[in-house]
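Structure record follows, encoded as structure tokens.
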Amino acid sequence: MLKTKKNMVLTILLVVSVLALCCACCFINSNTANADTEDSTESAQPRGIYTRMTIDLGTYGHSMWARARNDFTIGNSVIQVYVYLYSSPNYQYTYRNMTLEAVDYISDLDIYKTFEVTAPINGVERYWRARMQYKFDNKEWESVETKTYLISADGMLL
């Protein structure tokens, strides 16, 4: 019991230390960016350290939704997000062979926020898939997809 408590305390101290180090790095980066004397306001851009984004697919009964979520972000950052919703009458292992049903864009998805697109089922049994593209600050675009799911004409997962 005592060993378990010691391990828990050490784990908590380690997590607090890492978070303090991340905050210190962010503070140092923001101060050095402002120390630049040549027109720093135009070239200064937010910089994050890490982000975790997820995409989900679901149904409201007579419509499908694709929902992007910013699960966690460390640092001041801008996260641009596109959310796509695809369907097909036949099973497809990739979105490239499916019909684009809905797409939308948000210029900055804040931490713990979601962004969603919807499309009607129209009473037809089809396969559905969701995809998200996101750009974390000035890094390359990332793409994340769900699996392909068969949804009945009533909006039930088959």
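Heavy atoms only: backbone and side chains are in, while hydrogens, waters and symmetry mates are out.
The only member of Y134, W141, F115 that meets ring-ring contact (aromatic ring centres under 6.0 Å, His included) when paired with Y82 is W141.
The two atoms that bring P120 and R126 nearest to each other are O-NH2, 3.3 Å, heavy atoms only. In terms of heavy atoms, S87 sits closest to E101 at OG-OE2, 2.6 Å. Nearest heavy atoms, A102 versus A119: CB-CB, 4.3 Å. In terms of heavy-atom proximity, K139 sits nearest to I49 at NZ-O, 4.4 Å. The two atoms that bring Y91 and Y93 nearest to each other are CE2-N, 3.9 Å, heavy atoms only. A pairwise comparison of heavy atoms in M132 and A68 identifies SD-CB, 3.6 Å as the closest pair.
D56 places a side-chain heavy atom less than 4.5 Å from the side chain of W65. Side-chain contact between M98 and T148: present, with at least one pair of heavy atoms (C-beta onward) separated by less than 4.5 Å. Counting only heavy atoms from C-beta outward, the side chains of L157 and L150 never approach each other to under 4.5 Å. Side-chain contact between E125 and L158 is present, with at least one heavy-atom pair separated by less than 4.5 Å.
With sequence neighbours left out, the side-chain contact (heavy atoms from CB on, under 4.5 Å) criterion links L57 to M64, L85, W128, A130, T146, Y149.
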Assess whether side chain to side chain contact (heavy atoms under 4.5 Å, CB included) is satisfied between L100 and Y95, documenting all intermediate values. CA-CA 8 Å; L100 179 63; Y95 72 90; over 6 Å; no
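Without hydrogens or angle criteria, D104 side chain to V117 main chain gives no donor-acceptor distance under 3.5 Å. A donor-acceptor contact shorter than 3.5 Å is absent between the side chain of T118 and the backbone of A66. Panel note: side chain D108, backbone I79; a donor-acceptor pair is recorded below 3.5 Å. No donor-acceptor pair closer than 3.5 Å links the side chain of T73 to the backbone N or O of I111. Checking side-chain atoms of R131 against main-chain N and O of S143 turns up no donor-acceptor pair under 3.5 Å.
A chain of hydrophobic side-chain contacts below 4.5 Å, direct or via other Ile, Leu, Val, Met, Phe, Trp or Tyr residues, connects F136 to I55. Residues V81 and Y105 do not share a hydrophobic cluster, clusters being chains of Ile/Leu/Val/Met/Phe/Trp/Tyr side chains in contact below 4.5 Å. Cluster annotation: I151 is not connected to Y127 through the hydrophobic network of ILVMFWY side chains, with a link wherever side-chain heavy atoms come within less than 4.5 Å.
Between D71 and R69, at least one side-chain nitrogen of the basic residue sits less than 4.0 Å from a carboxylate oxygen of the acidic one, meeting the salt-bridge criterion.
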